[in-house]
Amino acid sequence: MNVNVVGSGYVGTTLAACLAEMGHEITAIDIDESVVATINEGRAPLHEPGLDELLAEHVGTRLQATTSYADLADADLTFLAIGTPSRSDGSIDLGPLSAAAEMVGEALSGLGGDREHLVVVKSTITPPGLDRVREALATGLGDVAGAVEFATNPEFLREGTAVSDFRNPDKIVFGTESASALATLEELYAPLIESTDSPIVRTDPETAMLIKYANNAFLATKISLANDLGNVSKEFGLDAYEVMEAVGLDDRIGEQFLRSGVGWGGSCFPKDVNALIFSAREVGYEPPLLEAAVEVNDRQPERLLALLDEHVDVAGERVAVLGLAFKPGTDDVRNSRAIPLIEGLLERGATVVGYDPVATETMREVFSDTEIEYADSAEDALAGASGAVVATDWDEFAALDSEFDAMAEPVVVDGRRIIERREGITYEGLTW
Ligand SMILES: NC(=O)c1ccc[n+]([C@@H]2O[C@H](COP(=O)([O-])OP(=O)(O)OC[C@H]3O[C@@H](n4cnc5c(N)ncnc54)[C@H](O)[C@@H]3O)[C@@H](O)[C@H]2O)c1
Ligand SMILES: O=c1ccn([C@@H]2O[C@H](COP(=O)(O)OP(=O)(O)O[C@H]3O[C@H](CO)[C@@H](O)[C@H](O)[C@H]3O)[C@@H](O)[C@H]2O)c(=O)[nH]1
């Protein structure tokens, strides 16, 4: 099939590359010229394992990128994979997605005769927000609004494992309004459905999106519950991981997403849980459990820093922050727990030196070189530091050993349970 993917971020680029791998002809559209140029060189515009290889293979044959919407109508369907960032009140900013929907509508307004086109929202957007996108699309389409169908197909991939998650989904959710739209999506995904046997959920566009929000809300709340229980374990002097590993053996609970520590970050959990709370309040419902999940999460960084305070007064001292990305395997620092940790250290008057294997450049957009220092290695970050705080569970941190010997005061506060306890360091963690 001939497919447009509008928006070439983590989701759009992964979708475009994986659909090309499935044999489809893909046009990736982004307003950012540098993103488009990078893709056309056969490289990913962001760090995502496996994506460079896929793009190198398919760009120039089945996949090309452009900033132009001009040829949109030549395709069978158009995905919208535009960001839906949070506003300060927790609601989502529908501006970028609505603007893109209107531009797509305008580009499709030349559709003539009996030609039909399907517009599929891949972005995460609350059910009430979908009407805004429908309206924006209809505004752009003008007279030919009837020739375009609307559907949703929420995405469940994780950053850092986006390509493998896309290739092996736990489920595929189609939110459609007609049998023909459903048939188009099933034809598009047929190679994936056949190769993976993934369950297909067929529903309406709004329910599909609530499934996405409920999924993320459940996972974020599961981690917050693990953190709440982890804090109780710590206060009892017991090992939270030993407890939760055993709890996770219950099939009804499951072993995943029980790792307690400094909390959840990223471009999705904080944004999506807050958007769900905001939308629920708008229709008159206060969701207490979701509010508590956010509150527990917001408190974890300060709990971690309090452990450091017990050992060192960091005012005027150098403190290493190991890990800047919100999780390993990505250069994304959106809502990374490293951010409140760095803010807390700066408030205490510390000189912060951050290190991350891939996320230094993205974190530089949050904290400039005048606010914090950036080191080229964990070893350099630790040298002369009077404390180290671990914000991300990169594998390489598990191998750190003699590097701690160069610290001025070897106090290591582990927010991710990744550092080996060893002689010569004072180890503190939230979980034991
Ligand atoms: N990141 C994830 O892991 C993930 C997973 C599942 C769902 N989602 C959802 O998918 C959506 C996209 O997320 P993302 O992380 O890929 O976003 P992103 O910010 O990485 O990428 C968005 C891209 O859209 C481009 N863009 C903005 N306006 C445009 C326009 N008018 N026309 C063309 N391109 C335009 C931007 O330049 C950017 O490259 C969000 O709603 C998000 O919640 C994200
Ligand atoms: O046991 C755990 C598991 C995760 N985390 C943290 O939770 C955050 C989110 O991790 P993860 O879910 O792996 O990453 P995301 O890429 O944000 O993926 C989530 O958000 C995406 C965007 O909506 C969804 O598509 C995915 O299904 C959903 O897992 C990170 O800060 C992790 O460090 C923990 O603290 N403990």
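This one's a predicted model, so the numbers in the text were calculated from it and none came from an experiment. Both counts, for ligands and for their atoms, begin at 1 and track the order of listing.
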F269 neighbourhood, listing ligand 2 atoms whose heavy-atom distance to it stays under 4.0 Å:
9 (C), 12 (O), 19 (C), 20 (O), 28 (C), 29 (O)
Which residue and non-hydrogen atom of the protein lie closest to atom 22 (C) of ligand 2, and at what distance in Å?
C268 SG, 2.3 Å
How long is the gap from OG1 on T126 to OH on Y213, to the nearest 0.5 Å?
5.0 Å
Scan side-chain atoms only and decide if T360 and D356 contain a donor-acceptor pair under the 3.5 Å cut-off.
no
The protein heavy atom nearest to atom 17 (O) of ligand 2 is F326 CE1, 3.4 Å
Give the atoms of ligand 2, by number and element, whose distance to some non-hydrogen atom of K212 is under 4.0 Å.
22 (C), 23 (O), 24 (C), 25 (O)
Could you check atom 11 (C) of ligand 1 against the protein and tell me its nearest heavy-atom contact, residue, atom and distance included?
I82 O, 3.4 Å
The reported gap from NE2 in H311 to OG1 in T426 (rounded to nearest 0.5 angstrom) is 6.5 Å
Of all the non-hydrogen atoms in the protein, which one sits nearest to atom 11 (P) of ligand 2, and at what distance?
K327 NZ, 3.6 Å
Counting from 1 in the order shown, the ligand 2 atoms closer than 4.0 Å to a non-hydrogen atom of D272 are 23 (O)
of all protein heavy atoms, closest to atom 35 (O) of ligand 2 is R416 NH1, 3.2 Å
Can you tell which of V389, L308, V352 makes a side chain to side chain contact (heavy atoms under 4.5 Å, CB included) with L341?
V389
L219 side chain near N215 side chain, heavy-atom distance below 4.5 Å
yes
A student comparing V6, D30, D32 should find that the heavy atom closest to atom 36 (C) of ligand 1 comes from D30
So does D143 have more than 12 non-hydrogen atoms from other groups sitting under 6.0 Å from CG?
no
Which ligand 2 atoms, with their elements, are less than 4.0 angstrom from a heavy-atom of E155?
25 (O)
So which heavy atom in the protein is nearest atom 43 (O) of ligand 1, and how far is it from that ligand atom?
K271 NZ, 2.6 Å
Is there a donor-acceptor contact under 3.5 Å linking the side chains of E396 and Y355?
yes
Is the shortest heavy-atom distance from the side chain of L430 to the side chain of K234 under 4.5 Å?
no
So is R334 in contact with ligand 1, going by heavy-atom distances below 4.0 Å?
yes
Where is the nearest protein heavy atom to atom 7 (O) of ligand 2: which residue, which atom, and how far?
W264 CB, 3.4 Å
Can you check whether E159 has an N/O within less than 3.5 Å of an N/O in ligand 1?
yes
Does T124 come within less than 4.0 angstrom of ligand 2, counting non-hydrogen atoms of the residue?
no
Identify, for atom 6 (C) of ligand 1, the protein heavy atom at the shortest distance, and state residue, atom and that distance.
E155 O, 3.2 Å
Non-hydrogen atoms of K222 versus ligand 2: any pair closer than 4.0 Å?
no
Heavy-atom pairs closer than 4.0 Å: do any link ligand 1 to the side chain of Y69, the backbone, both, or neither?
side chain
Which residue and heavy atom of the protein sit nearest atom 27 (O) of ligand 2, plus the separation
F156 O, 2.7 Å
Any luck finding a side-chain donor-acceptor pair between S198 and K171 under 3.5 Å?
no
Straight-line distance of T14 OG1 to F166 CZ, nearest 0.5 Å:
8.5 Å
Please report which non-hydrogen protein atom sits nearest to atom 36 (N) of ligand 2, along with the residue it belongs to and the distance in Å to one decimal place.
R259 O, 2.9 Å
among protein heavy atoms, the one nearest atom 7 (C) of ligand 1 is T124 OG1, 3.6 Å
For residues E21 and R62, report the shortest heavy-atom separation together with the two atoms involved.
O-NH2, 3.9 Å
When distances are taken from atom 27 (C) of ligand 1, the protein heavy atom at minimum range is I31 CD1, 3.8 Å
Could you say whether the N/O atoms of L219 and ligand 2 ever approach to under 3.5 Å?
no
Applying a heavy-atom cut-off of 4.0 Å, say which part of D165 lies close to ligand 2: side chain, backbone, both or neither.
neither
Is it the case that more than 12 heavy atoms not belonging to D170 sit under 6.0 Å from its CG atom?
no
Does V11 reach ligand 1 with a nitrogen or oxygen that is under 3.5 Å from one of the ligand's nitrogen or oxygen atoms?
yes
Taking atom CG as the centre, does D251 end up with more than 12 heavy-atom neighbours from other residues, nucleotides or ligands that are less than 6.0 angstrom away?
no
Nearest non-hydrogen protein atom to atom 21 (O) of ligand 1, with distance, is G9 CA, 3.2 Å
Protein contact of atom 5 (N) of ligand 2 - nearest heavy atom, named by residue and atom, plus distance:
I223 CD1, 3.5 Å
State whether a side-chain donor-acceptor pair under 3.5 Å links D204 with T207.
yes
Counting only heavy atoms not in E33 (residues, nucleotides, ligands), do more than 12 fall under 6.0 Å from its CD?
no
Search all heavy atoms of A325 against all heavy atoms of T392 and return the closest pair with its distance.
O-OG1, 2.8 Å
